[in-house]
Amino acid sequence: KHSDGITEVHWISTQSDTILLDQEEDVEIFFTFESEDLIGGEYGALIHFLSDDPRNPDKTADVSLRVHGVPDISVEWSFNNDNVLDWNAHIDGIFPEEQYSVLIRIENEGNGQLVIDSIACENEQFFCNDQEILVQPEQHRTIALFATSEEVGEYRESMVVYSNDPDEGEFEIEMRIEVIDAPDIQ
């Protein structure tokens, strides 16, 4: 593969590669700007108009594109496959007055920065120490969630991830945990 030394951009295109003009003739050239696969930010390029005009063989025009990225949150965990985070599927024997943790993966499938303001649960036995988390486009962060209970029982709660995702700004993680009596070894 041979490089001509010109950095090519794929977010701008035109239908016409070659245009023939008579003397004193004008033509309109339409360009298409495509931002679908771009990460939010500023883009710039030079368009070269190459011709057989001996006085102006290479005319250029600056073009720019601003992409307003949109974050898209996705949350997953590795230890059970349904939509409920089941602590007992990850930890054998959850006992009172102990603290347990599980790891979740928060991914930004969008093209704008994901800002997580907080991760919280109304029931204080479930919590997350990480707050104000930034996840760049097409990146992920691994976060620890914690649980503790003073009483035996089954608990079903929702942990909420508050973020700037425009359609899932309050992403709920349904959770289940069963706390059992610790074995009495004599």
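Since the structure is predicted, the reported quantities are computational estimates derived from the model, not experimental observations.
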| query | Under 4.5 Å between side-chain heavy atoms, hopping through other hydrophobics if needed: is there a path connecting V9 to I39? | reply | yes
Considering residues, nucleotides and ligands other than Q99, do more than 12 of their heavy atoms fall under 6.0 Å from its CD? yes
Examine V75 and L134 and state if one hydrophobic cluster contains both, with Ile, Leu, Val, Met, Phe, Trp and Tyr joined whenever side-chain heavy atoms are less than 4.5 Å apart. no
*Just wondering, are more than 12 heavy atoms of other shown residues or ligands nearer than 6.0 Å to CD in Q131?*
yes
Practice item. Using atom types as modelled and distance alone, determine if a side-chain donor or acceptor of E34 lies under 3.5 Å from a backbone N or O of E36. Key: yes
Separation between SG (C128) and CD1 (I104), nearest 0.5 Å, reads 6.5 Å
- Message: Just so I know, are the side chains of I12 and Y43 near enough to count as touching, which here means a heavy-atom distance under 4.5 Å?
- Response: no
Test item: V67 and N111 side chains (from C-beta on) under 4.5 Å apart, heavy atoms
yes
To the nearest 0.5 Å, atom CG of L85 lies from atom CE of M175 at 7.0 Å
So CG of N83 and CD of E174: to nearest 0.5 Å the spacing works out to 9.0 Å
Shortest non-hydrogen pair, R141 vs I133, comes out as NH1-CG2, 3.2 Å
What one should report as the nearest heavy-atom pair of H48 and D58 is ND1-OD1, 2.9 Å
**Asked** Any chain of hydrophobic side-chain contacts (each under 4.5 Å) joining F30 to F33?
**Response** no
Check your understanding: Would you say F31 and V63 make side-chain contact, with heavy atoms under 4.5 Å?
Key -> no
Given side-chain contact (heavy atoms from CB on, under 4.5 Å), test V179 with E151 step by step and report yes or no.
-> CA-CA 7 Å; V179 180; E151 297 181 22; over 6 Å; no
I'd like to check V160 versus I173 (side-chain heavy atoms, cut-off strictly below 4.5 Å). Are they in contact?
no
Donor-acceptor contacts under 3.5 Å from residues 117-127 side chains, at least two apart:
| unit_1 | atom_1 | unit_2 | atom_2 | d |
| --- | --- | --- | --- | --- |
| N123 | OD1 | Q125 | N | 2.9 |
| N123 | ND2 | E157 | OE2 | 3.1 |

Smallest heavy-atom separation, Q113 atom then P137 atom, equals N-CG, 4.0 Å
d(D86 CG, I91 CD1) to nearest 0.5 Å is 10.0 Å
Residue pairs passing the ring pair (Phe, Tyr, Trp, His ring centres under 6.0 Å) test with at least one member in residues 150-183, sequence neighbours excluded, are none
E107 meets the salt bridge (charged side-chain N to carboxylate O under 4.0 Å, His left out) criterion, sequence neighbours left out, with R105
May I have the step-by-step check of side-chain contact (heavy atoms from CB on, under 4.5 Å) for W87 and L145, ending in yes or no?
CA-CA 10 Å; W87 289 71; L145 302 181; 4.2 Å; yes
In this structure, CG of D22 is separated from CD of E25 (nearest 0.5 Å) by 5.0 Å
Is there a side-chain contact between P71 and V115 (heavy atoms, below 4.5 Å)? no
In terms of heavy-atom contacts, H90 and V102 come closest through CD2-CG1, 3.4 Å
Determine, stepwise, if the pair V161 / I73 fulfils side-chain contact (heavy atoms from CB on, under 4.5 Å). CA-CA 9 Å; V161 180; I73 191 171; 3.7 Å; yes
Is a side-chain N or O of S64 found less than 3.5 angstrom from the main chain of E42, in a donor-acceptor match?
no
Check: Taking side chain as C-beta onward, heavy atoms only, is F95 less than 4.5 Å from D181?
Finding: no
field: Salt-bridge contact R156-E154 (side-chain N to carboxylate O under 4.0 Å)
entry: yes
### Query
Is there a path of hydrophobic side-chain contacts, each under 4.5 Å between heavy atoms of I, L, V, M, F, W or Y residues, that connects W77 with L114?
yes
*asked:* Quick one: does any side-chain atom of D130 pair with a main-chain N or O of I143 as donor and acceptor, under 3.5 Å?
replied: no
- Item | Check: T14 and I47 side chains under 4.5 Å, non-hydrogen atoms | no
Rounding to 0.5 Å, atoms OG1 (T148) and CD1 (I94) come to a distance of 10.5 Å
